[in-house]
Amino acid sequence: MPVHLFSVEGEAALAATMAREPLLAFDFDGTLAPIVARPDDARVPLAVARRLDLLAQRLPMAIISGRRVDDVRGRLSFAPQFVIGNHGAEDPQAGRCGSPEQLDPVRARLLAQVGELDAAGVSVEDKGYSLALHYRLARDRVRARAIVEALVAGLGDEAIAFGGKMVMNIVAAGAHDKADAVAGLVLRCGVEAAVFLGDDVNDEPVFARAEPGWLTVKVGRDDPASRASFCIDATEIVRLLDEMLDILARADAARAGG
């Protein structure tokens with residue numbers, strides 16, 4: 001079970017990791033941007049964006065999202081060095097992206113069942129390198145989820161499905177996930193540590209694969225089985241970013257005075 005970050009143990013871990021000038025990596029929906037009924041309405045609150053902008057000027061920063069890269073970039077009022085999309089499968093800056101054609105058999109399956117999905121209130125979002133079946137707006141979410149789960153249960157070896165908050169995600173088998181993305185960025189940036197914040201099932205690979213120099217934080221305390229080392233409430237994001245900035249400011253002041 002993750003430990004609250006704002007505890008003696010958590011504060012010490014945060015200070016030690018920040019002293020190593022780590023990569024800062026964040027999920028988008030549910031972590032930086034509150035979950036909303038319609039995904040198109042998601043935005044990063046101004047108070048959060050301002051602090052992220054300051055941090056991005058000081059340390060390498062990445063946004064690693066289930067959304068498409070272009071979709072994420074259009075929702076940011078600050079400039080992280082890296083944006084990786086489609087749960088880790090889309091990384092154009094590294095010249096690495098999955099193959100959209102790998103999901104064509106799944107698209108054909110969805111097309112064959114489009115009537116049933118529409119009737120159940122399930123919307124299909126095709127993001128090229130992944131697919132998302134949303135049922136947040138379904139009148140009967142239990143029925144909608146059952147239909148979605150039955151559909152993905154019949155997928156072949158070409159695809160992998162995993163749930164989320166009122167959504168089922170589908171990616172090509174063998175596609176890079178968020179853990180691959182964080183590990184790759186650590187190497188590309190030449191750093192020895194990473195901080196990663198996430199809130200959902202697709203963030204668990206990062207938590208599970210964390211190296212000794214990674215600080216992993218689950219946003220929300222709704223999953224005691226999460227593999228994250230620490231957790232915070234969604235309302236504590238600003239507090240965490242402020243602590244990061246304060247730690248960096250103190251380190252800069254100590255160097256200037258030393």
Side-chain angles (χ1 to χ4, degrees), residues 5 10 12-29 31-33 44 48-73 75-98 129 175-199 202-219 227-230 232 237 240-252 254-256:
L5 185 65
L14 177 62
T17 305
M18 291 299 293
R20 300 174 70 184
E21 301 201 336
L23 164 76
L24 303 180
F26 303 89
D27 169 49
F28 185 78
D29 292 281
T31 299
L32 298 181
V44 180
V48 174
R50 285 174 174 170
R51 289 160 172 81
L52 290 170
D53 184 38
L54 293 173
L55 285 167
Q57 296 175 39
R58 183 66 172 74
L59 295 174
M61 180 181 292
I63 309 301
I64 306 175
S65 173
R67 292 174 180 264
R68 293 178 295 103
V69 167
D70 289 346
D71 185 358
V72 176
R73 285 196 183 278
R75 298 174 189 279
L76 303 179
S77 58
F78 58 98
Q81 289 89 332
F82 308 98
V83 177
I84 296 178
N86 277 278
H87 311 286
E90 182 189 12
D91 186 359
Q93 288 170 278
R96 179 187 57 73
C97 294
Y129 307 102
H176 280 221
D177 61 17
K178 290 188 177 185
D180 296 317
V182 175
L185 288 171
V186 167
L187 291 175
R188 283 156 64 182
C189 295
V191 296
E192 298 179 350
V195 176
F196 178 77
L197 273 70
D199 77 305
N202 63 347
D203 301 308
E204 287 295 329
V206 185
F207 302 153
R209 185 172 153 184
E211 302 290 338
W214 298 10
L215 178 74
T216 56
V217 183
K218 170 80 162 58
V219 179
R227 299 289 296 276
S229 297
F230 299 96
I232 60 172
I237 290 287
L240 172 55
L241 300 179
D242 278 340
E243 289 216 11
M244 290 178 168
L245 288 166
D246 287 344
I247 292 170
L248 293 174
R250 290 195 297 270
D252 290 343
R255 280 194 288 267

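Sequence positions, counted from 1, serve as the residue numbers for this chain.
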Is there side-chain contact between [X] and [Y], with at least one heavy-atom pair below 4.5 Å?
X: Met18; Y: Leu24; result: yes
X: Ile84; Y: His176; result: no
X: Phe230; Y: Leu14; result: no

Leu52: which of Ile237, Leu76, Leu241 passes side-chain contact (heavy atoms from CB on, under 4.5 Å):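 Single pass found, and it is Leu241.
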I'd like to check the side-chain contact (heavy atoms from CB on, under 4.5 Å) partners of Ser229; sequence neighbours left out, ordered by chain and number.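 Ser229: side-chain contact (heavy atoms from CB on, under 4.5 Å) contacts with Thr216.
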Indicate the atoms forming the closest heavy-atom contact of [X] with [Y], along with that distance.
X: Asp29; Y: Ser65; answer: OD2-OG, 4.3 Å
X: Val83; Y: Val69; answer: O-CG2, 3.7 Å
X: Arg67; Y: Glu90; answer: O-OE1, 4.4 Å
X: Phe207; Y: Phe196; answer: CE2-CD2, 3.7 Å
X: Phe78; Y: Pro80; answer: O-CD, 3.3 Å

Rounded distance [0.5 Å steps], [atom1] in [X] versus [atom2] in [Y]:
X: Asp242; Y: Ile247; atom1: CG; atom2: CD1; result: 11.0 Å
X: Leu215; Y: Arg20; atom1: CG; atom2: CZ; result: 11.0 Å
X: Leu23; Y: Thr17; atom1: CG; atom2: OG1; result: 12.0 Å

Return the set of residues passing salt bridge (charged side-chain N to carboxylate O under 4.0 Å, His left out) with Glu243 (not counting sequence neighbours), or none when no residue passes. Arg239
For Lys178, check salt bridge (charged side-chain N to carboxylate O under 4.0 Å, His left out) against everything at least two apart and list the hits.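 Lys178 satisfies salt bridge (charged side-chain N to carboxylate O under 4.0 Å, His left out) with Asp27, Asp203 once adjacent residues are dropped.
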Solution key, residues 54-63 side-chain donor-acceptor pairs under 3.5 Å, sequence neighbours excluded:
residue : atom : partner : partner atom : Å
Gln57   : NE2  : Asp53   : O            : 3.4
Gln57   : NE2  : Asp53   : OD2          : 3.4
Arg58   : NE   : Asp252  : OD2          : 3.2
Arg58   : NH1  : Glu21   : OE2          : 3.0
Arg58   : NH2  : Glu21   : OE2          : 3.0
Arg58   : NH2  : Asp252  : OD1          : 2.7

Could you pull out all donor-acceptor pairs under 3.5 Å where a side-chain atom in residues 180-192 meets a protein atom, sequence neighbours excluded?
residue : atom : partner : partner atom : Å
Asp180  : OD1  : Arg209  : NH1          : 2.6
Asp180  : OD2  : Asp177  : N            : 3.0
Arg188  : NH1  : Asp91   : OD2          : 2.6

For Asn202, all residues meeting side chain to side chain donor-acceptor pair (under 3.5 Å), sequence neighbours excluded: His87
Is the number of heavy atoms from other residues, nucleotides or ligands under 6.0 Å of Arg75 CZ greater than 12?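 Above 12, so yes.
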